[in-house]
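Following: one structure in structure tokens, then a few remarks.
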Amino acid sequence: MGASKVVTRFAPSPTGYLHIGGARTALFNYLFARAHGGEFRLRIEDTDRARSTEPAIAAILDGLGWLDFEWDSDVVYQFARAARHAEVAHQLLANGHAYRCYATAAELEEMRAAQRAAKQPLRYDGRWRDRSDWPNDLPYVIRLKAPQEGSVTIDDLVQGSVTVANAELDDMVLLRSDGTPTYMLAVVVDDHDMGVTHVIRGDDHLNNAFRQLALIRAMQWPEPLYAHIPLIHGSDGAKLSKRHGALGVNEYRDQLGMLPEAVENYLLRLGWGHGDDEFISRAQAIAWFDLAGVGRGPARFDMKKLENINGHYIRAADDARLVALIDSRVAQALGRDLNDTDRAILQRSMPELKKRANNINDLATGSVFYLRSRPIPMDDGASKLLASAAPGMLASARALFAAIPDWTAIQLEEQARALAETSALKLGQVAQPLRAAVTGSSQSPGLFEVMETLGRDETLGRIDDALALIEA
RNA sequence: GGUCCCUUCGUCUAGCGGUCUAGGACGUCGCCCUUUCACGGCGAAAACACGGGUUCGAUUCCCGUAGGGAUCACCA
């Protein structure tokens, strides 16, 4: 290939949402293309008309967009190219590299049953391979006349050299009896027509590659390079499937509150490494990524680690961006829309808030107490703290705070420390009940900073509410 | 079952014949910081699946065994 430009493609079938495994395949294709100054193309494999749906296509594009894997040129829709696929099949038929097979579904099932009974490998026996006594008016499929002798070797960029004997491969169907192309035909034709040079996909396609190569050779087309990457497994070691922990990437965003750069970083490190580096930016990934470094064994998905990485990126994220991300969640918790004052409070508190969250949900949950209207709800921990507070402490603190000339965290803390001193209490015995009163929780960002942010009236009011609660 | 692939701490990985008393990260546990929870810092426990070779020398190379995975459609 030498000077030829690298072209990769991501080819999901729109029968469901873009799941995490597909996202990783897309990432590797994207990275490889960018690393080589090539093109990253997108093809929607919608030839399965019964299972392909518009919402799924939208979800895939949405997911890719969220992860910011920008593709080149137009999206190719495979179904629209059916005529071209059929054309190739007929071309093969004409030049003797394919043949008509009139075997019926029932007949083939019978054949397989016999093979099963005889403990023989299940494969098409080539019963129509050399016949020409074609019955009239009967439906037939077009099968590839694949080589039966010798073997095929693929120098896979990830799996290494893999060899399969041609005797193991049967003559696959190219065109169905209704004239529509099979997946095997469609991928090969599309990859060729799109100029794909590197086929990077899940290793569940490794076996397919050998049959596809036979088709490519029959057409005398240039052979692409293959890279079959291992699938992702669930935490229990079983293959990740739709009903087994494999969420759509949209769900990582909407339900789990993940940041796209965190998902990308995690996916990159799953099955690939660069020395001891853990946090790798997009630019570094493009510079460092190589197929040879991709592991050959399947990796287990670890939500704990993803959470941790997500927390890292949240802490590194711009405060305004985080405020925007929690907006709707906070609004829902509050039961009302946020206004500019609310957002200003969140923005101001964000540096402290984001240290305490590993996902956007928790970030939102940990933020709402600032904006709740009085009297704010008390959680269990807060109720206990108030119940066990030293008698009169809250009232004393309230009086001290009310007399402060400048409502600043520093002065508030001074007063709290003074109160602890004179009452022979530990600072915690003063601060914790106050925290409960002011935040409704036993844990929060620095108490005095919170009180400063809340302001004199709101803080004093919340303490009054707590006082009323204790007396009740 | 046939074919193909894989096998380093619980998990993701570094290691590409000697630097390995095997490194990092997540998780776990302990300590520090501290008004709480976090963040941060320090530290601990924790792995080369097993058996043969090759070699002066194997985590690294080869072969078996065991275990795991993928695939065997007129689905993609």
Side-chain angles (χ1 to χ4, degrees), chain A residues 11-15 45-48 50-52 78 101 103-105 108-109 112 115-116 119-124 139-143 154 156 158-160 162-165 167-170 172-178 180-184 186-187 202-210 228 230-231 233 235 237-239 266 269-279 292 295-309 311 315 352-358 366 381 385 413 416-417 420 426-432 434-436 439 441-448:
Chain A
S13 63
T15 54
E45 309 215 316
D46 55 352
T47 51
D48 186 337
R51 295 196 300 154
S52 296
Q78 194 162 61
C101 170
T104 63
L108 291 174
E109 188 38 55
R112 288 191 203 95
Q115 289 170 338
R116 249 189 300 271
K119 293 195 187 298
Q120 297 289 312
L122 272 49
R123 56 178 83 105
Y124 176 69
Y140 62 91
V141 301
I142 295 180
R143 286 182 186 271
I154 288 178
D156 193 278
V158 168
Q159 304 294 338
V162 184
T163 301
V164 167
E168 300 295 332
L169 278 17
D170 61 6
M172 62 179 172
V173 173
L174 264 21
L175 211 59
R176 300 190 186 97
S177 51
D178 64 359
T180 61
T182 61
Y183 161 79
M184 288 294 204
V187 252
D203 72 3
D204 49 335
H205 288 284
L206 180 56
N207 293 283
N208 289 336
F210 295 91
H228 289 95
L231 268 21
H233 285 191
S235 55
K239 178 185 173 181
Y266 178 71
R269 286 285 292 101
L270 201 59
W272 180 85
H274 183 272
D276 287 341
D277 296 301
E278 295 291 342
F279 297 107
R296 298 183 188 180
R300 296 188 186 200
F301 189 85
D302 183 2
M303 189 59 83
K304 283 276 181 52
K305 187 149 187 174
L306 208 206
E307 282 266 354
N308 176 275
I309 290 176
R315 269 164 257 134
E352 284 302 309
L353 252 17
K354 67 185 181 184
K355 285 198 280 201
R356 295 169 170 74
N358 284 331
L385 282 171
E413 181 166 355
R417 285 187 185 279
K426 290 190 165 190
L427 184 53
Q429 292 175 288
V430 171
Q432 281 302 85
L434 277 169
R435 183 189 312 282
T439 71
S441 167
S442 59
Q443 48 203 58
S444 76
L447 175 61
F448 306 111

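Listed candidates were B/U71, B/U35, B/G27. Nearest to the side chain of A/N308 is B/G27. Checking B/A73, B/C37, B/A76 against every side-chain atom of A/Q443, the shortest atom distance belongs to B/C37. Nearest to the side-chain atoms of A/L231 among the listed nucleotides B/U35, B/A70, B/U36 stands B/A70. If you check B/G40, B/C74, B/A76 against the side chain of A/N208, the one that comes closest is B/A76. Closest to the side chain of A/D204, out of B/A70, B/C74, B/A76, is B/A70. Checking B/G24, B/A76, B/U36 against the side-chain heavy atoms of A/H205 singles out B/A76 as nearest.
Base pairing of B/U28 is made with B/A44, judged by Watson-Crick or G-U wobble geometry with both donor-acceptor distances under 3.5 Å. Searching all strands for a Watson-Crick or G-U wobble partner of B/G64 with both distances below 3.5 Å returns B/C50. In this structure B/G18 sits in a base pair with B/C56, meeting the Watson-Crick or G-U test at under 3.5 Å. When both distances must be under 3.5 Å, the Watson-Crick or G-U wobble mate of B/U71 is B/G2. In this entry B/C39 has no Watson-Crick or G-U wobble partner, no candidate having both defining distances under 3.5 Å.
OP1 and OP2 of B/U3 both lie 4.0 Å or more from every side-chain N or O belonging to A/R123. OP1 or OP2 of B/A25 has not a single side-chain nitrogen or oxygen of A/R269 nearer than 4.0 Å. Contact check, A/R51 against B/A76: no side-chain N or O comes under 4.0 Å of OP1 or OP2. Close to B/U35, at under 4.0 Å from its OP1 or OP2, lies a side-chain N or O of A/R417. Residue A/N207 places none of its side-chain N or O atoms closer than 4.0 Å to OP1 or OP2 of B/U3. Taking only side-chain nitrogens and oxygens, A/S444 never comes nearer than 4.0 Å to OP1 or OP2 of B/C37.
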Using atom names, set out every protein N or O paired with an N or O of nucleotides 5-11 of chain B below 3.5 Å, distance rounded to 0.1 Å.
| from | atom 1 | to | atom 2 | distance (Å) |
| --- | --- | --- | --- | --- |
| B/C5 | O2' | A/Q159 | OE1 | 2.9 |
| B/C6 | OP1 | A/R296 | NH1 | 2.4 |

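B/C74 atom P lies 6 Å from atom CZ of A/R143, rounded to whole Å. Atom CG of A/D276 and atom P of B/G15 are 9 Å apart (whole Å). Rounded to an integer number of Å, the gap from A/F448 CZ to B/U34 P is 15 Å. When the P atom of B/G24 is taken as reference, atom CG of A/L270 falls 21 Å away, rounded to whole Å. Rounded to a whole Å, the CG atom of A/L447 is 9 Å from the C1' atom of B/U36.
The closest side-chain donor-acceptor pair between A/R435 and A/Q432 falls under 3.5 angstrom.
With hydrogens and angles ignored, a donor-acceptor pair closer than 3.5 Å exists between the side chain of A/R356 and the base of B/C37.
Nucleotides B/A25 and B/A44 are separated by 12 Å at their P atoms, to the nearest Å. Atom C1' of B/G27 sits at a distance of 15 Å from the matching atom of B/U13, rounded to the whole Å. Using atom C1' as the reference point in both B/U59 and B/A49, the two lie 12 Å apart (nearest Å). Separation of the C1' atoms belonging to B/A58 and B/A46 is 23 Å when rounded to the nearest angstrom. B/C26 and B/C33 are spaced 22 Å apart, taking the P atom of each and rounding to whole Å. Straight-line distance between the P atoms of B/U60 and B/A22: roughly 16 Å, to the nearest whole Å.
Side chain of A/D156 to backbone of A/H228: a donor-acceptor contact under 3.5 angstrom is found. Not a single donor-acceptor pair under 3.5 Å links the side chain of A/R417 to the backbone N or O of A/L427.
Considering A/N208, A/N207, A/D203 as possible partners of A/H205, the one that fulfils the side-chain hydrogen bond (donor to acceptor under 3.5 Å, both in side chains) test is A/N208.
Residue order along RNA chain B, read from the 5' end via each residue's closest nucleotide, puts A/G428 first among A/Q78 and A/G428. Nearer to the 5' terminus of RNA chain B, by closest-nucleotide assignment, is the contact made by A/V164 (compared with the other of A/P139 and A/V164).
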Salt bridge (Lys or Arg N to Asp or Glu O under 4.0 Å) for A/R112 and A/E109? Distances and angles first, verdict last.
CA-CA 5 Å; A/R112 288 191 203 95; A/E109 188 38 55; 3.4 Å; yes
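Residue A/G311 is out of contact with every strand shown, counting any heavy-atom pair closer than 4.0 Å. Here A/E45 lies in heavy-atom contact (under 4.0 Å) with sugar-phosphate atoms only. If you check every strand for non-hydrogen atoms under 4.0 Å, A/T47 touches sugar and phosphate atoms only.
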